[in-house]
Amino acid sequence: MRVTTWNVNSVRQRLEHLVGFLREAKPDVLCLQELKCMDEAFPRAEVEAEGYTAAVHGQKGFNGVAILSRASFQEEAVSGLPGGVEDLQARYVEGVVPAGKGIARVASIYLPNGNPIGTEKFAYKLAWMDRLIAHARGLLAYEEPLILAGDYNVIPEPRDAKDPKAWVDDALFQPESRQKFRELLALGFTDALRATSDAGDLYTFWDYQAGAWQRNHGIRIDHLLLSPQAADRLRGVVIHKEMRALEKPSDHVPVSVDLDL
DNA sequence: ATGGCTAGGCCCCCTAGA
């Protein structure tokens, strides 16, 4: 099965690209982030016409996440990251889909950006990561194929940026952000891309500004984390870089894992 | 040298993104 993550930067602005991607890349499950619309405005009919069912956790204007699946969800999706009583931001949705003879659990994650550092936004990012770690620890106990896919807004290592120096004062590359990302991995997850390649120049985001795409001034911040039961089935990873060269692209490109499930 | 582009909403100027 193929599971893909993509920060679409407005699902309504990107509808043509989304439909094209579903037809070309044929993901079994597609995790979307930054829908930038409420549930009612999600293009459900258009997605269903392509053979997908959608679990949508929308929000007006900002954030918003969804999971599209070819197969029906096995249970009701979980909307919102558990443990956040006061958290109204739509950044997490989790669902269970059939996979082979069993199931796979998939989460679509839009981790807070956290800029600028030293503000409540950065504190929110770190607190959100702590909640994600706590929840992920609980999910691992199920010993299922589990894929935590999304825009983590974390550059894990210097080789994950074309110009690491440009990011030293950015929330995405702070030691605390990277430490918590490692803490998450240390629970027992595999960073799918790094399980298949040690290469640099593997980016998933290029800013709209300053000719970042033309200069390949990219960063790798969209990740698929696999539980041991999923990692054992990892066949390959694809960064759909060609999507960034389209007219009116998202600033992120889709990233897929292919699993023998 | 320069926050240089894109999107949404409170819509002609602001916030947010990363």
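Chain naming here is simple, since letters A, B, ... match the order of the sequence lines and numbering starts at 1 in each. Quantities reported herein were computed from a predicted structural model and do not represent experimental measurements.
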CD/A:E183: more than 12 non-hydrogen atoms of other groups inside 6.0 Å: yes
Flag if over 12 foreign heavy atoms under 6.0 Å of CD, A:E76: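 No, the 6.0 Å shell around CD holds no more than 12 heavy atoms from other groups.
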Considering every strand and a 4.0 Å limit on heavy-atom distances, what is the contact class for [X]: base, sugar-phosphate, or nothing?
{"X": "A:D151", "value": "sugar-phosphate"}
{"X": "A:R91", "value": "sugar-phosphate"}
{"X": "A:N7", "value": "sugar-phosphate"}
{"X": "A:K121", "value": "sugar-phosphate"}
{"X": "A:H252", "value": "sugar-phosphate"}

Flag for A:H252-A:Q33: side-chain donor and acceptor within less than 3.5 Å: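 No, no side-chain donor-acceptor contact under 3.5 Å.
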No-hydrogen, no-angle side-chain donor-acceptor test under 3.5 Å, A:Y92 and A:D87: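 No.
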Rounding to the closest angstrom, what is the interatomic distance between [N] and [M] at atom [atom1]?
{"N": "B:dC11", "M": "B:dA16", "atom1": "C1'", "result": "15 Å"}
{"N": "B:dA7", "M": "B:dA1", "atom1": "P", "result": "29 Å"}
{"N": "B:dC14", "M": "B:dC10", "atom1": "C1'", "result": "8 Å"}
{"N": "B:dC13", "M": "B:dT2", "atom1": "P", "result": "27 Å"}

Side chain to side chain donor-acceptor pair (under 3.5 Å) contacts touching residues 233-245 of chain A (sequence neighbours left out): A:R235-A:D260, A:H240-A:S256
Per-nucleotide protein contact string for nucleotides 5-12 of chain B, where B marks a base within reach and S marks sugar-phosphate only (heavy atoms under 4.0 Å, - for neither): BSSSSS--
Residues from residues 155-173 of chain A lying under 4.0 Å of DNA chain B - heavy atoms: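 Heavy-atom contacts with DNA chain B come from A:L172.
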To the nearest angstrom, how far is [X] atom [atom1] from [N] atom [atom2]?
{"X": "A:Y152", "N": "B:dG17", "atom1": "OH", "atom2": "P", "answer": "19 Å"}
{"X": "A:Y124", "N": "B:dA16", "atom1": "OH", "atom2": "C1'", "answer": "14 Å"}
{"X": "A:D251", "N": "B:dA16", "atom1": "CG", "atom2": "P", "answer": "17 Å"}
{"X": "A:L111", "N": "B:dG17", "atom1": "CG", "atom2": "C1'", "answer": "14 Å"}

Pairing of A:R2 and A:D28 as salt bridge, 4.0 angstrom limit: no
Residues A:D160, A:R178: salt bridge by 4.0 Å N-O rule: no
Nearest-nucleotide 5' precedence on DNA chain B, A:R215 against A:Q89: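 The answer here is A:R215.
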Mutual orientation of the aromatic rings belonging to A:F21 and A:W6 [parallel < 30°, tilted 30-60°, perpendicular > 60°]: tilted
A:K162 side, atom NZ; A:W206 side, atom CH2 - distance, nearest 0.5 Å: 11.0 Å
